[in-house]
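Below: the structure, in structure tokens.
Read the numbers this way: they start at 1 and go in the same order the structure lists the ligands and their atoms.
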Amino acid sequence: MRAALSLARSAQGSTFPNPPVGCIIAHSHEIIAFAATAPSGRPHAETKALAIAGNKAKGATLYSTLEPCTHKNIHNTPPCCQAIVSAKIARTCYPIQDPDPRTNGACKKILEKNNIIVTENVCPQEASQQLEPYLKRCHRTLPHITLKLAISLDGKISETSQPYRQRQTHISGAKARIYRNNLLRQSDAILIGAQTMRLDNPKLLLDEILISPEETQERHPFASIRIILDGGLTIPLESNLVQTVDHAPLWILTRAAEAASDKGTALKNSGVRLIPVPALSRQGGGVRLSLIEAMHTLAAEGIASILCEGGAKLAHELLSENLADRMILFSAPHTLGAQGLSMLASNNPKRFDFQLEETLTLDQDEIKTFRPQHNNV
Ligand SMILES: NC(=O)c1ccc[n+]([C@@H]2O[C@H](COP(=O)([O-])OP(=O)(O)OC[C@H]3O[C@@H](n4cnc5c(N)ncnc54)[C@H](OP(=O)(O)O)[C@@H]3O)[C@@H](O)[C@H]2O)c1
């Protein structure tokens, strides 16, 4: 099961809208097939492994990191549970039931009816930890959010005079940037606030200095979905985000009225997806959207894991609405001084408590992972 879990880990972030699952088929102490969920979520790991095993699957044991599904997909291919029965597997092991209401324990009943031995609760803690985003999406219709910020020693994320991304190479070293790439690879989506979009004009893709050209090709169209919180639909058509819409999907959370405007139509014609979110109240010149509604909508779209890359206002808002599940701070050995922007910004700043989970030192950078004290999952 631990080997199957490591297969599932390799598929994290590429299987939207399905969870990353690993599967191993073994017979007489020999592994005869292994697979992880395919990019875009289909085929499932079990179906792939059974196809590889062919006739050898008869009488074998199948290990899956999640209860196999009992529902057909849109292409009308049989559910994994049915494929296990047809392959005459002798025993099926998995750690936890699939909370998807279409399965949720139904597989066990079908398998046992067909005289297949079912062993549940194999490595349930490891699997639950790995499937934390999927479980949160199923149980709470909310995505699992990782808040990632690169900070200076004095807790600043940017010099107000200079956009952060123009200095990114100075804030984090090469190893820290590889680590950031891996966080992005493991996430269904990446989110930023409108001000970071306006000031930094980012692409929100993998850091290309550190990946091979083949991987850039390979990622498309399975790259993490780029999401901007932009109530006033201020994103320029000529921004890097819109101009790279062929590299990775771009979704904008905005007001219904903005989505229906001429600018909204122009963006849609450029391949951008606009997602209307209910507005709460006017916020200065801008529009304040309901963040909780926005996150419910994204979860309903199948997004289970989000990496939020700032800025300070969005970070504060996510923490104060209890929407952030972990916070990862990349801290570099310098200060930004009085001109620096604090890592959390609000007109009504709050105190937050965290528990330190892990500290990693990568050359000059220290990467600390914290859990907010309340547990969202
Ligand atoms: N070091 C790092 O890790 C890092 C990472 C990212 C960014 N940064 C830096 O952070 C700075 C920007 O941060 P920031 O705090 O000024 O801005 P921000 O958090 O990036 O964006 C805030 C803006 O997002 C929109 N927004 C946020 N919540 C919203 C809601 N509920 N409804 C509708 N819109 C909402 C609003 O846009 P409107 O103004 O249009 O209403 C708001 O002003 C930049 O200097 C950037 O370089 C640093």
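- Of the inter-residue distances, the one linking Ile328 atom CD1 with Glu357 atom CD reads 9.0 Å to the nearest 0.5 angstrom.
- In the vicinity of Leu199, heavy-atom distances shorter than 4.0 Å reach the ligand 1 atoms 44 (C), 45 (O).
- A salt bridge links Glu317 with Arg288: the distance from a Lys NZ or Arg NE/NH1/NH2 to an Asp or Glu carboxylate oxygen falls below 4.0 Å.
- To the nearest 0.5 angstrom, Leu191 atom CG is 12.0 Å from Ser224 atom OG.
- Residues Leu111 and Cys81 form a side-chain contact, since some pair of their non-hydrogen atoms from C-beta on lies under 4.5 Å apart.
- Of all atoms in ligand 1, numbered sequentially from 1 with element shown, those under 4.0 Å from a heavy atom of Ala312 are 13 (O), 14 (P), 15 (O), 19 (O).
- At a threshold of 4.5 Å between non-hydrogen side-chain atoms, the residues Leu319 and Phe354 count as touching.
- Counting heavy atoms only, Lys313 comes closest to atom 15 (O) of ligand 1 of the residues Glu321, His316, Lys313.
- In this structure, Leu291 CG and Leu323 CG are separated by 5.5 Å, a value rounded to the nearest 0.5 Å.
- Within the structure, the closest approach of Leu149 to ligand 1 falls below 4.0 Å when heavy atoms are considered.
- Proximity to Gly193 (heavy-atom distance under 4.0 Å) selects the following atoms of ligand 1: 20 (O), 21 (O), 24 (O).
- Of the N or O atoms in Ala345, none lie within a sub-3.5 Å distance of an N or O in ligand 1.
- Contacts with ligand 1 closer than 4.0 Å are made by side-chain heavy atoms of Leu341 only, the backbone lying farther away.
- Heavy-atom contacts of Asp200 reach the following atoms of ligand 1: 46 (C), 47 (O) (cutoff under 4.0 Å).
- Judged by distance alone, with hydrogens and angles left aside, the side-chain atoms of Ser342 form no donor-acceptor pair with the main-chain N or O of Leu344 at under 3.5 Å.
- Under a 4.0 Å criterion applied to the non-hydrogen atoms of Leu314, ligand 1 contributes the atoms 19 (O).
- Inter-residue side-chain proximity for Ile225 and Glu301 is flagged as unmet; no heavy-atom pair is nearer than 4.5 Å.
- Side-chain contact check for Val21 versus His44: every heavy-atom pair is 4.5 Å or farther apart.
- With Gln195, Met197, Arg198, Arg180 as candidates, the residue nearest to atom 39 (O) of ligand 1 on a non-hydrogen basis is Arg198.
- At a 3.5 angstrom cut-off on N or O pairs, Gly310 does not count as close to ligand 1.
- Interatomic distance, CG of Leu314 versus CG of Leu147, reported as 7.5 Å (0.5 Å rounding).
- In the candidate list Arg288, Glu317, Lys148, Glu317 is nearest to atom 31 (N) of ligand 1, counting heavy atoms.
- Under the 4.0 Å criterion applied to side-chain N and carboxylate O atoms, Glu67 and Lys108 are not assigned as salt-bridge partners.
- The atoms of ligand 1 that sit less than 4.0 Å from any heavy atom of Ile157 are 1 (N), 2 (C), 8 (N), 9 (C), 10 (O), 48 (C).
- At a 3.5 angstrom cut-off on N or O pairs, Ala150 counts as close to ligand 1.
- Shown in contact with Ser158 at under 4.0 Å from a heavy atom are these atoms of ligand 1, numbered in order with element: 9 (C), 45 (O), 47 (O).
- At under 3.5 Å, not a single nitrogen or oxygen of Ala315, backbone or side chain, sits near a nitrogen or oxygen of ligand 1.
- Checked by distance only, ligand 1 and Gly311 come closer than 3.5 Å through their nitrogen or oxygen atoms.
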